[in-house]
> 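Take a look at the following structure, please.
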Amino acid sequence: MGKKTKRVDHWQNPHAPEPTSRRPSASALVRDEAGRVLLLQRTDNGLWTIPTGGLKKGETIRECAVRECREETGIEIEITGLVGVFTTPDHVIEYIKGGKVTEVRQPVNICLHARPIGGRLTSTDEASAVRWVAPEDLAEYDIHPALRRRIDHGLTSPVPHID
């Protein structure tokens with residue numbers, strides 16, 4: 001069995017390594033009927049996040065967000081709109097395996113609004129915990145600034161964000 005990959009998210013860090021790749025991804029700001037936000041705790045860095053993952057060949061951004069949410073949380077979703085397109089060079093992700101940096105990525109993320117339509121909360125290999133969180137309680141969770149930026153925009157603005 002191989003060593004697990006560690007993820008280090010850098011934010012506005014002038015000492016962060018230079019990106020070696022860009023990869024499109026989708027994230028979903030899922031809100032239930034009570035207005036709570038679906039969060040999961042990542043197993044690779046312990047931070048809380050919204051469902052997020054890389055776009056696979058042959059799928060749309062919508063399909064990617066739906067798949068990632070199901071895989072990471074057990075919740076089936078319907079996409080309802082666009083939060084925004086987040087591409088800032090302020091966010092760099094460093095992947096380390098066996099003590100060696102394998103990739104440094106500057107994300108290209110399309111964040112979508114969504115609502116749950118089925119499934120049940122389930123922890124996974126990618127999510128050690130999954131829960132619904134009231135917006136006023138988000139400050140109690142350790143959320144990376146790049147992800148908090150997406151969440152805050154989606155909760156407060158009717159106009160999509162574009163970096």
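Because the structure is predicted, anything quoted here is derived from the model rather than measured.
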> Taking E72 for the side chain and C69 for the main chain, is one N or O donor matched with an acceptor at less than 3.5 Å?
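Side chain of E72 to backbone of C69, a donor-acceptor pair under 3.5 Å: no, none is there.
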
> Given the rule that I, L, V, M, F, W and Y join up when any side-chain heavy atoms are under 4.5 Å apart, are I79 and I75 in one cluster?
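Yes, same cluster.
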
> Evaluate the side-chain proximity of W48 to E140: yes if any heavy-atom separation is below 4.5 Å, no if none is.
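Not touching, per the 4.5 Å side-chain cut-off.
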
> With rounding to the nearest 0.5 Å, note down the distance linking NE2 in H91 to CD in Q12.
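The distance works out to 11.0 Å.
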
> Is it true that a side-chain atom of E103 and a backbone atom of T20 form a donor plus acceptor pair closer than 3.5 Å?
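No, E103 side chain to T20 backbone: no donor-acceptor pair under 3.5 Å.
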
> Would you say that more than 12 heavy atoms from the other residues, nucleotides or ligands in this model lie under 6.0 Å from the CZ of R120, or not?
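No, the 6.0 Å shell around CZ holds no more than 12 heavy atoms from other groups.
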
> What closest approach, in Å, do T73 and L40 show between heavy atoms, and which atom pair accounts for it?
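In this case the closest contact between T73 and L40 is CG2-CD2, 3.7 Å.
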
> Quick one: closest heavy-atom pair of V37 and P135, and the distance?
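In this case the closest contact between V37 and P135 is CG2-CG, 4.5 Å.
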
> For side chain to side chain contact (heavy atoms under 4.5 Å, CB included), just list the numbers for I50 and L38, CA-CA rounded to whole Å, side-chain angles, deciding distance to a tenth of an Å, and then say yes or no.
CA-CA 6 Å; I50 55 179; L38 179 62; over 6 Å; no

> If you measure from CD on E136 to CG on L155, what distance do you get to the nearest 0.5 Å?
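Rounded to the nearest 0.5 Å, the CD-CG separation comes to 10.5 Å.
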
> Got a sec: does the CD of E18 have more than 12 other heavy atoms crowding it under 6.0 Å?
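Count not over threshold, so no.
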
> Kindly indicate, with the supporting measurements, whether the criterion side chain to side chain contact (heavy atoms under 4.5 Å, CB included) is fulfilled by V104 and V92.
CA-CA 7 Å; V104 179; V92 175; 3.1 Å; yes

> Does one hydrophobic cluster hold both V85 and L55, with members joined at side-chain heavy-atom distances below 4.5 Å?
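Hydrophobic grouping puts V85 with L55.
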
> Between H10 and H15, is the gap from one ring center to the other below 6.0 Å?
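Judged by ring-centre distance (under 6.0 Å), H10 and H15 do not meet the cut-off.
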
> Tell me the closest heavy-atom pair linking A114 and I77, and the distance in Å.
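Reported closest heavy-atom pair: CB-CD1, 3.8 Å.
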
> Quick check: does any side chain N or O of T156 sit under 3.5 Å from a backbone N or O of D152, one acting as donor and the other as acceptor?
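Yes; at least one donor-acceptor contact below 3.5 Å.
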
> Is V130 linked to W132 within one hydrophobic cluster, defined over Ile, Leu, Val, Met, Phe, Trp and Tyr using a side-chain heavy-atom separation of less than 4.5 Å?
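Yes, because V130 and W132 connect within a single hydrophobic cluster, where side-chain heavy atoms sit under 4.5 Å apart.
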
> State, yes or no, whether a side-chain contact exists between D32 and R115 at a heavy-atom distance under 4.5 Å.
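The answer is no; the side chains never approach within 4.5 Å.
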
> Mark yes or no for whether T102, through its side chain, and K97, through its backbone, hold a donor-acceptor pair below 3.5 Å.
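Judged by distance alone, no pair lies under 3.5 Å.
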
> Does the H153 side chain pair with the main chain of V159, one donor and one acceptor, at a distance under 3.5 Å?
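Such a contact is found between H153 side chain and V159 backbone.
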
> Report yes or no: does T43 contribute a side-chain atom to a donor-acceptor pair with the main-chain N or O of D125 at less than 3.5 Å?
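The answer is yes, because a donor-acceptor pair under 3.5 Å joins these two groups.
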
> Quick one: does P116's side chain get under 4.5 Å of E33's, heavy atoms only?
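No; the side chains remain at least 4.5 Å from each other.
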
> More than 12 non-hydrogen atoms from neighbouring residues, nucleotides or ligands closer than 6.0 Å to CZ on R67, yes or no?
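Yes, the 6.0 Å shell around CZ holds more than 12 heavy atoms from other groups.
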
> Considering all heavy atoms of both residues, which atom of C64 and which atom of E59 are nearest to each other, and what is their separation?
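Looking at all heavy atoms of both residues, the shortest contact is CB-OE2, 3.4 Å.
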
> Start with the C-alpha gap between R42 and T49, add the side-chain angles, then the distance that decides, and say whether side chain to side chain contact (heavy atoms under 4.5 Å, CB included) holds.
CA-CA 7 Å; R42 297 184 64 92; T49 187; 3.6 Å; yes

> Could you pull out the closest heavy-atom pair between Q106 and T87, with the gap in Å?
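Between these two residues, the closest heavy atoms are NE2-O, 3.0 Å.
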
> Do I117 and E78 come within less than 4.5 Å of each other through their side chains, counting heavy atoms only?
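Result yes, sub-4.5 Å side-chain heavy-atom pair found.
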
> Do L39 and V30 sit in one hydrophobic cluster, given that two such residues count as connected whenever their side-chain heavy atoms are within less than 4.5 Å of each other, even indirectly?
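In one cluster with L39: V30, no.
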
> Is there a side-chain contact between L112 and V83, using heavy atoms and a 4.5 Å cut-off?
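Not touching, per the 4.5 Å side-chain cut-off.
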
> When you group the ILVMFWY residues by side-chain heavy-atom contacts below 4.5 Å and let the links chain together, are L29 and L82 in the same group?
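In one cluster: no.
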
> Looking just at side-chain N and O atoms, do R149 and H161 make a donor-acceptor pair shorter than 3.5 Å?
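Yes, a side-chain donor-acceptor pair sits under 3.5 Å.
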
> Below 4.5 Å, heavy atoms only, C-beta onward: do S27 and C111 meet side chain to side chain?
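Yes. Closest side-chain heavy atoms under 4.5 Å.
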
> Test F86 against every option in L147, I162, D163, I110 by the side chain to side chain contact (heavy atoms under 4.5 Å, CB included) rule and name the one that passes.
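Of L147, I162, D163, I110, side chain to side chain contact (heavy atoms under 4.5 Å, CB included) with F86 is met by D163 alone.
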
> Compare all side-chain heavy atoms of L138 with those of R148 and state whether any distance is below 4.5 angstrom.
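Yes, close enough: below the 4.5 Å cut-off.
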
> Kindly determine whether K6 and N45 satisfy side chain to side chain contact (heavy atoms under 4.5 Å, CB included), including the steps that lead there.
CA-CA 7 Å; K6 179 181 175 187; N45 65 12; over 6 Å; no

> Look only at the side chain of Q41 and the backbone of G46, and say whether a donor-acceptor pair between them is shorter than 3.5 Å.
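Between the backbone of G46 and the side chain of Q41 there is a qualifying donor-acceptor contact (under 3.5 Å).
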
> So, R70 side chain and G74 main chain: donor-acceptor pair closer than 3.5 Å or not?
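Answer holds: no.
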
> Search all heavy atoms of A26 against all heavy atoms of A65 and return the closest pair with its distance.
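That closest heavy-atom pairing would be CB-N, 3.8 Å.
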
> Within the structure provided, determine whether S25 and V108 are in side-chain contact (heavy-atom separation under 4.5 Å).
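Result no, sub-4.5 Å side-chain heavy-atom pair not found.
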
> Look only at the side chain of T124 and the backbone of A127, and say whether a donor-acceptor pair between them is shorter than 3.5 Å.
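The answer is yes, because a donor-acceptor pair under 3.5 Å joins these two groups.
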
